[in-house]
Student: 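One structure is given below, represented as structure tokens, and several questions about it will come after.
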Amino acid sequence: AQSVTQLGSHVSVSEGALVLLRCNYSSSVPPYLFWYVQYPNQGLQLLLKYTSAATLVKGINGFEAEFKKSETSFHLTKPSAHMSDAAEYFCAVIRGFYNQGGKLIFGQGTELSVKP
Amino acid sequence: DSGVTQTPKHLITATGQRVTLRCSPRSGDLSVYWYQQSLDQGLQFLIQYYNGEERAKGNILERFSAQQFPDLHSELNLSSLELGDSALYFCASSVGDGSGSNEQFFGPGTRLTVL
């Protein structure tokens, strides 16, 4: 069965510091992986997705993630945190097999705080 | 704005009651997905419809049901409500049937409070 584990339910960084949010997946087949962001009282917005085209994926708002098959990881990074990055971040996996639907399996979420 | 609309934004009801949550997908999207977000369970997939047909099912309770209408909007019906059903319910939509890497676009959610 597929699953996603996000290490750290809460990460706090200073403005301008590196953001690193960790995600490990468990899948018996190559997955499609996603990072979503949820701002307070809002729905989820896609930051980026891995579709096997390239291992380093660039997303919106300066975020990027690297797919490492050997480590079964898909960590999210941003070189310099902004106050506006404070939100909850979710890693998700989908198997994406034809005719099997689009069930997204989410990690537990990581709340990012940015200190001035 | 994702283009996915959900009504109502907030719903407060009592145990044992029945409610209906409504979702309109983005123009052109054929799939609608329902997710539940709660503090103890996190984000859980409930069910997916593709062009009017059920395509995938998650851990959806028997008290819950959904359908997708010919105009592609969807409704999630929750009956015999319990306190534990209090949660944020999201609808998402995508162009395809969910296979592959089609992005799912999420609505703003309906916050259900069961008293």
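Below, read A as the first sequence line, B as the second, and so on, with proteins coming before strands; counting in each chain starts at 1.
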Student: Please look at B:Gln104 and chain A and tell me whether the side chain, the backbone, both or neither of the residue comes under 4.5 angstrom of a heavy atom of that chain.
Tutor: both

Student: Going only through I, L, V, M, F, W and Y residues with side-chain contacts under 4.5 Å, is there a path from B:Val19 to B:Leu61?
Tutor: yes

Student: Below 4.5 Å from any heavy atom of chain B, which atoms of A:Gln42 appear? Answer side chain, backbone, both or neither.
Tutor: backbone

Student: Would A:Val13 and A:Leu18 show up in the same hydrophobic cluster when neighbours are defined by side-chain heavy atoms closer than 4.5 Å?
Tutor: no

Student: Same hydrophobic cluster for B:Tyr33 and B:Leu46, using side-chain heavy-atom links shorter than 4.5 Å among ILVMFWY?
Tutor: no

Student: Is it the case that more than 12 heavy atoms not belonging to B:Asn51 sit under 6.0 Å from its CG atom?
Tutor: yes

Student: Using 0.5 Å steps for rounding, measure from the CD atom of B:Gln48 to the NZ atom of A:Lys103.
Tutor: 11.5 Å

Student: Where on B:Phe105 is there a heavy atom nearer than 4.5 Å to chain A: the side chain, the backbone, both, or neither?
Tutor: neither

Student: Dump the intermediate steps for ring-ring contact (aromatic ring centres under 6.0 Å, His included) on B:Phe45 and A:Phe106, then the final yes or no.
Tutor: CA-CA 9 Å; B:Phe45 169 78; A:Phe106 287 91; 9.8 Å; no

Student: Who among A:Leu104, A:Thr51, A:Asn41 has the most heavy-atom pairs with chain B under 4.5 Å?
Tutor: A:Leu104

Student: Heavy atoms only: give me the nearest A:Leu44-B:Phe106 pair and the separation to one decimal.
Tutor: O-CB, 3.4 Å

Student: Is B:Ile60 reachable from B:Trp34 through a run of I, L, V, M, F, W or Y residues, each pair having side-chain heavy atoms under 4.5 Å apart?
Tutor: yes

Student: What I'd like to find out is whether the side chain of A:Gln38 reaches to under 4.5 Å of the side chain of B:Gln37, using heavy atoms alone.
Tutor: yes

Student: For atom CG of B:Leu39, is the number of surrounding heavy atoms from other residues, nucleotides or ligands below 6.0 Å larger than 12?
Tutor: no

Student: By a 4.5 Å heavy-atom criterion (distance strictly below it), what part of B:Leu88 contacts chain A: side chain, backbone, both, or neither?
Tutor: side chain

Student: Checking heavy atoms, do the side chain of B:Phe90, its backbone, both or neither come under 4.5 Å from chain A?
Tutor: side chain

Student: Assigning hydrophobic clusters by single linkage (Ile, Leu, Val, Met, Phe, Trp, Tyr; side-chain heavy-atom cutoff under 4.5 Å), is B:Val32 placed with B:Leu72?
Tutor: no

Student: Go through the atoms of A:Tyr50 and report whether side chain, backbone, both or neither lie under 4.5 Å from a heavy atom of chain B.
Tutor: neither

